[in-house]
Amino acid sequence: QVQLVESGGGLVQAEGSLRLSCAASERIFSSYTMGWFRQALGKEREFVAAISWNGGWTYYADSVKGRFTISRDNAKITVYLQMNSLKAEDTAVYYCAAARFRMLSAGSYHRRDSYDYWGQGTQVTVSS
């Protein structure tokens, strides 16, 4: 069964850093677009970042641009989210997602329904 497993979440002080990892169970994920979403308590799940199959393009939500970096290592079938300068409003459960396309159009990379597989999520809590 196809699986995505996130790790790296935790409690960090404001202005600190965390790196999330998302390990895929199938090598075919190395040809998929990967994304990170987050969901704060009482809010809808929102797009954070996405990366094409070979890392050739990346997209970020305006709220994290300049602070977060998405990357991938296809040899390890793992995607990363480096989060710097964390703020209290970054507190959320972070989800890894995979879309069965090498890249997504500009109008679809941020849409939840563009993604076919989801992980269980990892909690990130930023204390102010």
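Note that the structure is a prediction, hence the values are computed from the model and not measured.
In summary, the side chains of Asp73 and Ser71 do not present any donor paired with an acceptor at a separation below 3.5 Å, with no hydrogens or angles considered.
Looking only at side-chain heavy atoms (C-beta outward), Trp53 and Ser30 stay at 4.5 Å or farther from each other. Proximity of Asn54 to Ser52: side-chain heavy atoms (C-beta onward) are separated by under 4.5 Å at one or more points.
With hydrogens and angles ignored, the 3.5 Å screen pairs a side-chain donor or acceptor of Ser114 with a backbone N or O of Ser108. Judged purely by atom type and a 3.5 angstrom limit, Glu6 uses its side chain to pair as donor or acceptor with the backbone of Cys96. At distances below 3.5 Å, at least one donor-acceptor pair connects side-chain atoms of Thr33 with backbone N or O atoms of Met103.
Other residues, nucleotides and ligands contribute more than 12 heavy atoms inside 6.0 Å of the OH atom of Tyr117.
The CZ atom of Phe29 sits 10.0 Å away from atom CZ of Arg72, with the distance rounded to the nearest 0.5 Å. Note that the CG atom of Leu4 and the OH atom of Tyr115 stand 12.0 Å from one another [nearest 0.5 Å]. Separation of atoms OH (Tyr95) and CH2 (Trp36) is listed at 12.0 Å; rounding is to 0.5 Å. Distance CD1/Ile77 to CE/Met34: 9.5 Å, rounded to 0.5 Å. Taking CD of Gln82 as the start and CG of Leu20 as the end, the distance is 9.0 Å to the nearest 0.5 Å. Atom OH of Tyr94 is separated from atom CG of Leu81 by 7.5 Å, given to the nearest 0.5 angstrom.
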For residues 41-48, which side-chain donor-acceptor pairs fall under 3.5 Å, sequence neighbours excluded?
residue	atom	partner	partner atom	Å
Arg45	NE	Gln39	OE1	3.4
Glu46	OE2	Arg38	NE	2.7
Glu46	OE2	Arg38	NH2	3.2

Tabulate below the donor-acceptor pairs under 3.5 Å that side-chain atoms of residues 7-16 make, not counting sequence neighbours, or state none.
none

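Pairs passing the salt bridge (Lys or Arg N to Asp or Glu O under 4.0 Å) check and including a residue from residues 97-106, sequence neighbours excluded, read Arg100-Asp116.
For Tyr59, the ring-ring contact (aromatic ring centres under 6.0 Å, His included) criterion is met by Trp57, Tyr109, not counting sequence neighbours. Partners of Ser17 according to the side-chain hydrogen bond (donor to acceptor under 3.5 Å, both in side chains) rule, which considers only residues two or more places apart in sequence or in another chain, are Asn84. Partners of Arg111 according to the salt bridge (Lys or Arg N to Asp or Glu O under 4.0 Å) rule, which considers only residues two or more places apart in sequence or in another chain, are Asp113.
Between Asp90 and Lys87, none of the side-chain N atoms (NZ, or NE/NH1/NH2) sits under 4.0 Å from a carboxylate O, so this pair counts as no salt bridge.
Trp118 is connected to Leu104 through a chain of hydrophobic side-chain contacts under 4.5 Å among Ile, Leu, Val, Met, Phe, Trp and Tyr, so both are in one cluster.
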